[in-house]
Amino acid sequence: MGTKAIYPGTFDPITKGHIDLAERAGAQFEEVVVAIAASPSKQPMFSLEERLDMASIALQHIGNVTITGFQGLLIDCVRKADAQVVLRGLRAVSDFEYEFQLAAMNRRLDPTIETMFLTPSEKYTFLSASMVKEIATHGGDVSQFLHPEINERLMNRLSV
Ligand code: ADP
């Protein structure tokens, strides 16, 4: 049986960096589950339902990628999905410290689950959903960083 990976995050909204990582993961694992955290403490711009919907649009071209939402502990979501791997993206050294801590903590909570990292295409190493929102809020054009449909939804959200 092949390996099933969970790719967790807030995806508020899903960017081309996330898509790039999901495509790479899809090529390496038998199955990839993009797990979108409710993350109420981060006060997301889009509701969990909206983020799930946007991810399914942006990732529909990848055959072995499915999408789910979760609340609470990541490790519980991994167990429930019967996955073996937590997949995270590493963009720059600045991601490392937090990711290292998270991986170590998750290993403490469940030593049978491995965390693995992928790096995106270099053109996305500077890209984060939070920066996209920041730029868009100030009227900047972020269309090159987003799937066209996601860009439209972001523009609609900011124009209300
Ligand atoms: P962010 O707001 O930083 O985009 P998320 O919580 O949605 O955050 O990120 C989920 C996962 O996707 C994390 O592992 C993060 O490192 C990764 N990720 C986010 N943006 C990119 C990118 N541009 N390239 C590679 N991985 C990314």
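We use all heavy atoms of the structure for the numbers below, so side chains are in, but hydrogens, waters and symmetry mates are not.
- Here K123 contributes atom NZ and Q144 contributes atom CD; the two are 11.0 Å apart, rounded to the nearest 0.5 Å.
- Side-chain contact check for V34 versus L59: some heavy-atom pair is nearer than 4.5 Å.
- Using a 4.5 Å cut-off between side-chain heavy atoms of Ile, Leu, Val, Met, Phe, Trp and Tyr, with links allowed through other members, M131 and L21 fall into the same hydrophobic cluster.
- At distances below 3.5 Å, not a single donor-acceptor pair connects side-chain atoms of S121 with backbone N or O atoms of Y124.
- The two residues R51 and I36 come nearest to each other via the heavy atoms O-CD1, 3.5 Å.
- Across all their heavy atoms, D12 and P44 have their closest contact at OD2-CA, 3.2 Å.
- Remark: S56 OG to I67 CD1 distance equals 5.0 Å, nearest 0.5 Å.
- Here the closest heavy-atom approach between residue T119 and residue L90 is recorded as CG2-O, 3.4 Å.
- Taking CZ from R157 and CZ from F46, the interatomic distance works out to 5.0 Å, rounded to the nearest 0.5 Å.
- Follow the hydrophobic side-chain contacts under 4.5 Å out from I150 and you reach M155 in the same cluster.
- The backbone N or O of S47 lies less than 3.5 Å from a partner atom in the side chain of E50, making a donor-acceptor pair.
- Using a distance-only test at 3.5 Å, with no hydrogens or angles considered, no donor-acceptor pair links the side chain of R88 to the main chain of L102.
- Under the ring-ring contact (aromatic ring centres under 6.0 Å, His included) criterion, F11 pairs with Y7, H18, sequence neighbours left out.
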For this session: Evaluate the criterion side chain to side chain contact (heavy atoms under 4.5 Å, CB included) for residue pair D53 and R153; output intermediate values, then yes/no.
Result: CA-CA 11 Å; D53 193 36; R153 294 203 187 189; 2.8 Å; yes
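- The shortest non-hydrogen separation linking I19 to H147 is CD1-CB, 4.3 Å.
- Qualifying ring-ring contact (aromatic ring centres under 6.0 Å, His included) partners for F117, counting only residues two or more places apart in sequence or in other chains: none.
- Between the side chain of E114 and the main chain of V85, no donor-acceptor pair closer than 3.5 Å is present.
- Residues T10 and S39 come closest through the heavy atom pair OG1-OG, 3.5 Å.
- Judged purely by atom type and a 3.5 angstrom limit, D20 has no side-chain atom pairing as donor or acceptor with the backbone of P120.
- The line from CG of L74 to OG1 of T115 is 8.0 Å long, rounded to the nearest 0.5 Å.
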Exercise. Passes side chain to side chain contact (heavy atoms under 4.5 Å, CB included), V78 versus D110? Steps please.
Worked result: CA-CA 10 Å; V78 176; D110 189 335; over 6 Å; no
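- By the neighbour-count criterion of 12 heavy atoms within 6.0 Å, atom CD of Q71 is sparsely surrounded, having that number or fewer from other residues, nucleotides or ligands.
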For this session: Carefully, step by step, assess E30 and K4 under the rule side chain to side chain contact (heavy atoms under 4.5 Å, CB included).
Result: CA-CA 6 Å; E30 179 165 37; K4 187 173 183 180; over 6 Å; no
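- Connection of I135 to L158 is established within a shared hydrophobic cluster, with ILVMFWY side chains joined at heavy-atom distances below 4.5 Å, either directly or through further cluster members.
- The distance from atom CD of Q28 to atom CG of N64, rounded to the nearest 0.5 Å, is 10.5 Å.
- Linking ILVMFWY side-chain heavy atoms closer than 4.5 Å, directly or via other members, places F29 and I62 in a single hydrophobic cluster.
- Connection of L154 to L48 is established within a shared hydrophobic cluster, with ILVMFWY side chains joined at heavy-atom distances below 4.5 Å, either directly or through further cluster members.
- In terms of heavy-atom proximity, I6 sits nearest to A35 at CG2-CB, 3.8 Å.
- Comment: K80 does not engage D76 in a salt bridge, judged by the lack of any side-chain N to carboxylate O separation of less than 4.0 angstrom.
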For this session: Show your working on side chain to side chain contact (heavy atoms under 4.5 Å, CB included) between R91 and F126 and close with a plain yes or no.
Result: CA-CA 7 Å; R91 288 164 285 198; F126 57 88; over 6 Å; no
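- Rounding to the nearest 0.5 angstrom, the gap separating the CG atom in L146 from the CD1 atom in I14 is 10.0 Å.
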